[in-house]
Each structure stands twice: as C-alpha cells, then as structure tokens.
Amino acid sequence: MSSSQFGLTAVGMTCSLGSDLSQIAARLFSGWQQGIKPSCQFTPDKEIAVAAVNDVLPAIELTDKQYHCRNSQLLQAAILQIADQVAELCQRYGADRIGVVVGSSTAGVWEVEKAVACYQQTNKLPDVFHYTQQEMGSVAAFVAQSLSLSGIAYTVSTACSSSANVFASAQQLIKSNLCDAVIVGGADSLCQLTVNGFMSLESVAKGVCNPFSLNRSGITLGEGAALMVMEREPAEINFLGAGAASDAHHISAPHPEGDGAKLAIKRALQNAEIDATDVDYVNLHGTGTQQNDAMESLAMQAIFSQGVPASSTKGMTGHTLGAAGAIEAAICWLTLSKSYNPKRLLPPHLWDHCLDPQLPSLALVKANTSLNSLNVTMSNSFAFGGNNVSLLFGVS
C-alpha cells in the first residue's frame, strides 16, 4: 500500500438518509428507503420518486446574496458538523494553508428558476435573488468564507463525477505543498432543470431505482451534501488514491464496454499501490439505467475477476449528481469506521433480485452482510461525457 496516505479526519453530511452521522449510518446499514418519496414539486404534471433532504436546513449566516440558496443550506448543514475540527486546523496550520475543493452541478439554479417564475407573474425579481447564486465558483467560496479560510478554493463541475474528482485535486494540492489540509466534498440540490432534463432523456425510474436488475428503468434523483477534511498525516481512515479517465464516447452515454471505467479503476489501484484483491468492498455508481449498469458490470468483471462485495447505495440516497461522489465517499468512510460501523456491516444493495442475464454477475451485498476483515473500500463515479473517477479508502 502506498506510503502517501492522507488522513480523513472529519465528515459532515446531509442527504435523504438524514443529517446526523450516527443516524445516517444506522439507516444505511439497515437498508432504509423511507427518505425516497413521491413528489410533483419539480414535475407538476407527473409524480415521481425523489430523494430530497427532509430535515430542516440551517440558515445561511453570510449576508452576501450570492450565497443564499438551497445548495448553500445543504453545505451549511455539513459545515456545522466539521467546523470545530477546521478551527483546530486553522490554529495548527493557518487559515491560508487550508484549501477548499468542492463539486457541484447545479449551484443555485433552483433559486434562478423561482426568480424567473416570480418575474413572469409580477414583472419583478425577488429581493433575495442575485444572478451569482447560479455561479459555480460561489460553491467553494461559500465553504471557504463560512469556515474563515483564506487558502486555495475552487469548484469542480464534471457532472456526476464532480465531487469525486475533488479528492484527486486535494491530493495534488497537498503533495505539491500548496496546502497542509483540504476541505473536499460537494453539494447538489433538486431543481426543475435537472429533473426535467433527465426525464427528457427518458432516464428517470418509474419508482425507486432498481440497479442491475432486469427490470431497471432509470435513476431516482436526489440531493445532499458531504464535506470531508483531508490532512497530510495519516489517520484512522485514509484516502489512498484516485484514478480518472475520460472516454469521450458520447455526450451522455458511457462507453458500452466500460473502457473509461476500467481505466479509472486501474489507475486508482496504481495510485494507491494496491491490487484488486486488496479491495474489500466497492460502492458502485449503479444508477439503474440500462447503459450505465451494463458497462459498469463489464468493468467490474474485468478488474475484479475474483469477485468483490459491491452495492449501489442510490436506492437509499438517490442519485445526487454533483454531490454523489462525496456522499458515496462518506459512505465508504462510514463503512470503514469502527465507531459508526462496529459490526463491520456492508451497505446492502436494494433491488428486486431479478437478475439480468445479459449482465455479468456481481457479488451484490445482501442485507446484514458483514466482513471479518474490512480494510479497503472503493467508490466509483461515472459521469456524462465519459468522465470516470474511482476512489480508494483504507484504515491505518
């Protein structure tokens, strides 16, 4: 295993599973799906299942209008969970030595949609609206200002791999001695643009998503945020490595043979200096669409020919798009945590158990599955444009 392990020392998270790590862990390992509910908020003419954050979100403390949006509120919920640890890092390293790299694909688009609707009705924009709410760079700026950080801060937007890519960026910032610690993560909020966009692609499930099933019919959209603190020194749970590849096969469809996905996984293993046989669990991208599940099955079979326990957790969190990489990285962290997962349980794969004979068989995790040895986890994130990322996490 590589000597370049970076400690992941704090996690903040909110999604349809909850906004408290203990609650999220309990629901995650028990296969809780009650956070996914039918809604017509974004599709007035049709009710669909969405994985919204149902908890009351904290108010935004910053006064600048550009930060007042639901995306920022989701991030604020995560920020509050790591703020004390970040304050200690500021004392240790200095606020200018702590970076922020976060991912998003929506920023404040939901607020723009509401502002346009208000303008159509009243010929005026709401007082709370500012056009910069939809500017991607504001996502990282909000995190940095909220935590009183003055180091490098930027947002990554590569669709559904956005907040997976940030881990590789943070790794390089620390290796290059530009930062001593980096706040990594991402956030995305549900809005009409994304929901109706995916519906126009006929990619939204009829009910809750059903990954890798013969009967899969598309994704269940969700929202949420997750932030993690990555430090130079190893900790109980560490970031081991990342691999990225862009197959550029199609603007929205993945390479049918999973070539880019295979390359991302191989590069992650090389970056971490481990073998495929060292991986104990894989959090699959597993969207529930025909093409993604088919190509990911092929990629998994090619790399993990010996088989490895795997599951898609999108049946509990929904597909949170730009936040998915960070949320599923946090799920890998919870899976490795002795405090939050003392029984070494694996997140179950929720589906109808109807095998697709056209797909290679995967070792999909059944309910209440635990491992005697649980040391390394992987998370896959595969995005539009063939932007593929795999991440590896491990215990010291």
Side-chain angles (χ1 to χ4, degrees), residues 6 8 11 13 15 75 78 99-106 136 139-140 154-173 182-188 219 222-230 237-247 254 258 260-272 279 281-287 292 295-296 299-300 303 310-314 317-336 347 376-394:
F6 299 96
L8 296 173
V11 176
M13 183 179 179
C15 63
L75 281 167
V100 175
V101 190
V102 292
S104 185
S105 68
T106 61
M136 286 294 176
V139 181
Y154 60 91
T155 307
V156 174
S157 189
T158 55
C160 304
S161 63
S162 298
S163 59
N165 269 309
V166 302
F167 286 83
S169 298
Q171 181 187 44
Q172 289 305 312
L173 288 174
V182 182
I183 313 304
V184 293
D188 252 351
I219 67 177
E223 63 179 0
L227 294 174
M228 306 174 80
V229 176
M230 185 188 295
I237 302 172
N238 303 295
F239 171 67
L240 304 182
S246 182
D247 59 50
K262 294 174 195 173
L263 188 55
I265 295 171
K266 287 179 180 178
R267 286 175 172 172
L269 293 168
Q270 291 168 357
N271 185 231
V279 178
Y281 164 75
V282 176
N283 187 289
L284 301 163
H285 188 57
T287 61
N292 177 86
M295 76 86 182
E296 189 170 13
M300 288 292 294
I303 307 297
S311 65
S312 169
T313 48
K314 289 181 172 67
T317 66
H319 189 354
T320 56
L321 306 180
I327 286 174
E328 289 161 21
I331 285 172
C332 283
W333 187 93
L334 287 171
T335 301
L336 292 170
V376 177
T377 61
M378 171 177 274
S379 178
N380 290 336
S381 296
F382 306 133
F384 280 179
N387 196 301
N388 309 289
V389 180
S390 289
L391 306 174
L392 282 160
F393 307 91

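Of all the heavy atoms in Met13 and Ala330, the pair that sits closest is SD-CB, 3.7 Å. Considering all non-hydrogen atoms of both residues, Ser162 and Thr158 come closest at OG-N, 2.8 Å. Across every non-hydrogen atom of His285 and Ser381, the tightest pair is ND1-CA, 3.7 Å. Taking both residues in full, the closest heavy atoms of Ala323 and Gly224 are given as CB-O, 3.4 Å, listed atom of the first, atom of the second, then distance. Considering all non-hydrogen atoms of both residues, Ala383 and Cys160 come closest at CB-N, 3.5 Å. Across Leu8 and Asn238, no two heavy atoms sit closer than the pair CD1-C, 4.0 Å.
No hydrogens or angles considered: a donor-acceptor pair under 3.5 Å links the side chains of Asn283 and Thr313. Counted by atom type alone, Asn387 and Ser246 present zero donor-acceptor pairs between their side chains at under 3.5 Å.
Between Leu392 and Thr377, every side-chain heavy-atom pair lies at or beyond the 4.5 Å cut-off. Val279 places a side-chain heavy atom less than 4.5 Å from the side chain of Leu269.
Note that the OG atom of Ser379 and the CD1 atom of Ile331 stand 8.0 Å from one another [nearest 0.5 Å]. Note that the CZ atom of Phe393 and the CD1 atom of Ile237 stand 10.0 Å from one another [nearest 0.5 Å]. Note that CD1 of Ile303 is 10.0 Å distant from CG of Asn380, once rounded to the nearest 0.5 Å. Atoms CD and CD1, on Glu223 and Ile327 in that order, are 9.0 Å from each other to the nearest 0.5 Å. Between the NZ atom of Lys314 and the OG1 atom of Thr320 there is a distance of 7.0 Å, given to the nearest 0.5 Å. The structure places CD1 of Ile265 at 6.0 Å from CE of Met300, a figure rounded to the nearest 0.5 Å.
Checked by atom type and distance alone, the side chain of Ser105 never pairs as donor or acceptor with a backbone atom of Ala159 at under 3.5 Å. With hydrogens and angles ignored, the 3.5 Å screen pairs no side-chain donor or acceptor of Ser163 with any backbone N or O of Gly186. Side chain of His319 to main chain of Ile219: no donor-acceptor pair is present (N/O by atom type, distance under 3.5 Å, no hydrogens or angles). Side-chain atoms of Ser104 never come within 3.5 Å of backbone atoms of Asp188 as a donor-acceptor pair (strictly under, hydrogens ignored). Counting only distance, with no hydrogens or angles, the side chain of Trp333 and the backbone of Val11 share no donor-acceptor pair below 3.5 Å. A donor-acceptor distance shorter than 3.5 angstrom exists from the side chain of Asn271 to the backbone of Ala242, with no hydrogens or angles considered.
Between Phe239 and Phe167, the ring-plane angle classifies as tilted under the 30° and 60° cut-offs.
In this structure, Glu296 has no salt bridge (charged side-chain N to carboxylate O under 4.0 Å, His left out) partners at least two apart in sequence or on a different chain.
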